[in-house]
*Asks:* 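Sharing a structure here in structure tokens format.
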Amino acid sequence: MTQLRTRQSSALDQFFRINERGSTFGREVRGGITTFVAMSYIVLLNPLILGASADITGAKLTIAEITTATALAAGVMTVLMGLVGNAPLAIAAGLGVNGVVAFQMAPTMTWAQAFGLVVLEGVCIVIMAASGVRERIINAIPEPLKIAITVGIGLYIALVGLVSAGFVTRTPDAVGSTVPVRMGIDGHLSGWPIVIFCLGLLLMIVLMARGVPGAVLISIVVATVVAVIVNSAFNVKGWGLVEPSLPSSVVGSPDFGLFGRVDLFGGFVSAGVIAATIFLFTLVLSGFFDAMGTITSVSDEAGLTRDGRVEGMGKILMVDGAGAIAGGVTGSAPNTVFLESAAGVGEGARTGLASLVTGGLFLVALLFTPLATVVPAQAAAPALVVIGGLMMTQIRRIPWQDTDFTIPVFLTVAIIPFTYSITNGIGAGLVSYVVLRVCKGRWPGWLMTSLALMFAVYFAVDLISGK
């Protein structure tokens with residue numbers, strides 16, 4: 001028996017190169033568990049975002065099927081990252097880009113068509129990763145504009161969280177109205193649901209400031225427990241889509257209702273060729289820029305970078321692209337590498353074995369999908385606000401003194417949340433940047449010029465048609 005365990009340990013070591021990377025079996029397991037705890041909140045947040053919108057037909061997705069799709073895609077793709085990429089990088093539905101699917105794409109097409117575009121995004125990323133085009137596009141877009149997109153998406157995510165919780169509401173169109181949005185229902189905060197949101201937000205901020213592992217998940221769980229107690233004691237109204245009450249069973253059968261519901265090219269008919277192309281471009285842009293930064297930073301922290309190059313980058317990028325495809329096929333939105341993988345690296349994870357552990361735990365979570373139907377928006381929304389705030393910290397890297405970027409960066413950051421559209425913000429930033437460069441006698445390059453012209457056409461179509 002001892003010899004069998006020794007052989008198994010030796011096989012794992014040879015496959016994942018555990019000793020070579022200065023790690024141990026125990027560290028990899030602990031790192032994998034830590035990463036899961038740090039990012040498992042996505043199983044609760046993704047249904048909050050995708051479930052908050054309806055498609056062009058008015059159809060909405062159920063919490064159970066989104067939860068199943070989220071856990072399934074995260075589990076399978078993280079295991080694949082471990083086996084193929086041999087890196088301690090976990091994959092799940094990306095925050096920010098799932099908002100594009102829910103609030104920008106779905107209202108102009110069916111869910112099947114939206115997920116079809118997600119599959120096409122993944123195909124594009126895989127092709128670009130294999131051909132080297134991905135690096136050329138990344139190099140063409142100036143770093144300040146890339147950072148501005150991240151910051152704008154952070155504000156957008158935070159606003160979605162505030163609106164989902166009811167902390168911010170839209171002011172009804174009326175004579176004498178002075179603001180487009182307001183705090184609470186009548187300009188002030190009231191009711192138990194808002195109290196739960198505020199408690200959850202404060203708890204999350206404190207735990208994260210103290211460096212508590214799994215701070216996001218702990219806060220969501222605590223806020224949910226309090227919400228269930230308060231709701232059962234006072235029969236509270238105004239929770240929204242999910243009322244916090246205990247399910248009849250903790251364990252349940254996964255709902256694979258979204259799996260395979262994909263219409264690859266129907267979105268180009270429903271939304272129009274130009275709009276669908278812009279959506280696809282936005283998915284690709286957000287997907288591979290976010291992944292590139294995350295992969296590089298986490299790999300560097302894990303000591304997997306040599307001479308500025310990430311070990312096995314080609315395989316890692318291919319799996320990341322496949323994650324977007326899996327997100328479309330399962331119905332969970334584009335999947336990408338999560339920055340929370342750094343939590344596992346901090347615990348000593350250095351190989352793909354940690355990813356196998358993380359992915360395995362996501363697959364086990366498939367059996368506990370009924371728990372997701374207990375979590376109200378007020379308990380999960382604080383995570384959106386906090387994560388949006390963390391994304392905002394990148395703003396310090398923007399060279400505000402450079403007049404080539406000051407206004408383009410501002411337009412990108414401001415228009416994304418103000419118009420509830422990541423596409424509009426990216427377009428405004430690129431177009432204004434190219435116009436500025438040309439007017440100053442500086443050629444921005446054919447690729448940037450082509451992208452700006454494409455967005456100009458996108459804006460002009462509605463302008464000319466009077467929409």
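Values reported hereafter were calculated over all heavy atoms of this structure, with side chains retained and with hydrogens, waters and symmetry mates removed.
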*Asks:* Take F259 and T68 through the side-chain contact (heavy atoms from CB on, under 4.5 Å) test and state the conclusion after the steps.
*Replies:* CA-CA 9 Å; F259 190 87; T68 297; over 6 Å; no
*Asks:* So Y433 and F405, would you call those rings parallel, tilted or perpendicular, with 30° and 60° as cut-offs?
*Replies:* parallel
*Asks:* Quickly, which of L283, L280, V100 forms a side-chain contact (heavy atoms from CB on, under 4.5 Å) with V118? Name it, please.
*Replies:* L283
*Asks:* Does any part of the side chain of F103, heavy atoms only, come nearer than 4.5 Å to the side chain of V160, both counted from C-beta?
*Replies:* yes
*Asks:* If you take all heavy atoms of P88 and V345, which pair is closest and at what distance?
*Replies:* CG-CG2, 3.9 Å
*Asks:* Kindly say whether G359 contributes a backbone atom to a donor-acceptor pair with the side chain of T78 at under 3.5 angstrom?
*Replies:* no
*Asks:* So, the side chain of T358 versus the backbone of A354: is there a donor-acceptor pair under 3.5 Å, distance only?
*Replies:* yes
*Asks:* Which value, rounded to the nearest 0.5 Å, describes the distance between I218 atom CD1 and Y41 atom OH?
*Replies:* 14.0 Å
*Asks:* Could you please spell out the steps behind the side-chain contact (heavy atoms from CB on, under 4.5 Å) verdict for L203 and V222?
*Replies:* CA-CA 9 Å; L203 176 61; V222 171; 3.8 Å; yes
*Asks:* Give the minimum heavy-atom separation between A223 and I196, together with the two atoms involved.
*Replies:* O-CG2, 3.6 Å
*Asks:* To check you understand the geometry: which heavy-atom pair defines the closest contact between P47 and I42, and what is its length?
*Replies:* CD-O, 3.9 Å
*Asks:* Checking V262 against Q113 for the side-chain contact (heavy atoms from CB on, under 4.5 Å) test, could you report, in this order, the C-alpha distance in whole Å, the side-chain angles of both residues, the deciding distance, and whether it holds?
*Replies:* CA-CA 6 Å; V262 175; Q113 292 166 349; over 6 Å; no
*Asks:* First locate atom CH2 of W111, then atom OG of S53, and finally report the distance between them rounded to the nearest 0.5 Å.
*Replies:* 5.0 Å
*Asks:* For S341 and F338, indicate whether the former's side chain and the latter's backbone hold a donor-acceptor pair under 3.5 Å.
*Replies:* yes
*Asks:* Under 3.5 Å, is there a donor-acceptor pair between the side chain of T35 and the main chain of G32?
*Replies:* no
*Asks:* To the nearest 0.5 Å, how far apart are CD1 in I194 and CG in L201?
*Replies:* 11.5 Å
*Asks:* Between D263 and T110, do the side chains contain an N or O donor and an N or O acceptor separated by less than 3.5 Å?
*Replies:* no
*Asks:* Output yes when a side-chain donor or acceptor of N231 lies under 3.5 Å from a complementary backbone atom of P244, and no otherwise.
*Replies:* yes
*Asks:* Minimum heavy-atom separation for I56 and T108, please, with both atom names.
*Replies:* CD1-O, 3.6 Å
*Asks:* For V357 and F36, what are the C-alpha separation, side-chain angles and deciding distance, and is it a side-chain contact (heavy atoms from CB on, under 4.5 Å)?
*Replies:* CA-CA 8 Å; V357 174; F36 173 77; over 6 Å; no
*Asks:* Going from CD on Q394 to CE on M392, what distance comes out if it is rounded to the nearest 0.5 angstrom?
*Replies:* 11.0 Å
*Asks:* State whether the side chain of S332 and the backbone N or O of L72 hold a donor-acceptor pair below 3.5 Å, judged by distance alone.
*Replies:* no
*Asks:* Taking the side chain as everything from C-beta on, heavy atoms only, tell me whether W239 gets closer than 4.5 Å to Q378.
*Replies:* yes
*Asks:* Counting distance only, does the side-chain N/O of R396 pair as donor-acceptor with the main-chain N or O of T393 below 3.5 Å?
*Replies:* yes
*Asks:* Roughly how far, to the nearest 0.5 Å, is the OG atom of S299 from the CD1 atom of I316?
*Replies:* 5.0 Å
*Asks:* Is there a side-chain contact between T169 and V181 in this structure, where contact means two heavy atoms from C-beta onward sitting under 4.5 Å apart?
*Replies:* no
*Asks:* Compare all side-chain heavy atoms of V101 with those of P334 and state whether any distance is below 4.5 angstrom.
*Replies:* yes
*Asks:* With heavy-atom distances below 4.5 Å as the criterion, would you say the side chains of L264 and V119 are in contact?
*Replies:* yes
*Asks:* Backbone N or O of G267 within a donor-acceptor pair of the S270 side chain at under 3.5 Å?
*Replies:* no
*Asks:* Checking S232 side chain against I229 main chain: does a donor-acceptor pair fall under 3.5 Å?
*Replies:* yes
*Asks:* Measure the shortest side-chain to side-chain distance between M318 and I125 over non-hydrogen atoms and say whether it is less than 4.5 angstrom.
*Replies:* no
*Asks:* Do I416 and L155 come within less than 4.5 Å of each other through their side chains, counting heavy atoms only?
*Replies:* no
*Asks:* Between P444 and V434, which heavy-atom pair has the shortest distance, and what is it?
*Replies:* CG-CG1, 3.9 Å
*Asks:* Of the non-hydrogen atoms in F115 and G331, which two are nearest, and what is the gap between them?
*Replies:* CZ-O, 3.4 Å
*Asks:* Atom OG of S432 and atom CZ of F455: how far apart are they, to the nearest 0.5 Å?
*Replies:* 11.5 Å
*Asks:* Answer yes or no: is there a side-chain heavy-atom contact under 4.5 Å between L48 and L44?
*Replies:* no
*Asks:* Are any of the side-chain nitrogens in K237 or E243 under 4.0 Å away from the carboxylate oxygens of its partner?
*Replies:* no
*Asks:* With a 3.5 Å distance limit and no angle check, can you tell me whether T406 reaches the backbone of W400 through a side-chain donor-acceptor pair?
*Replies:* yes
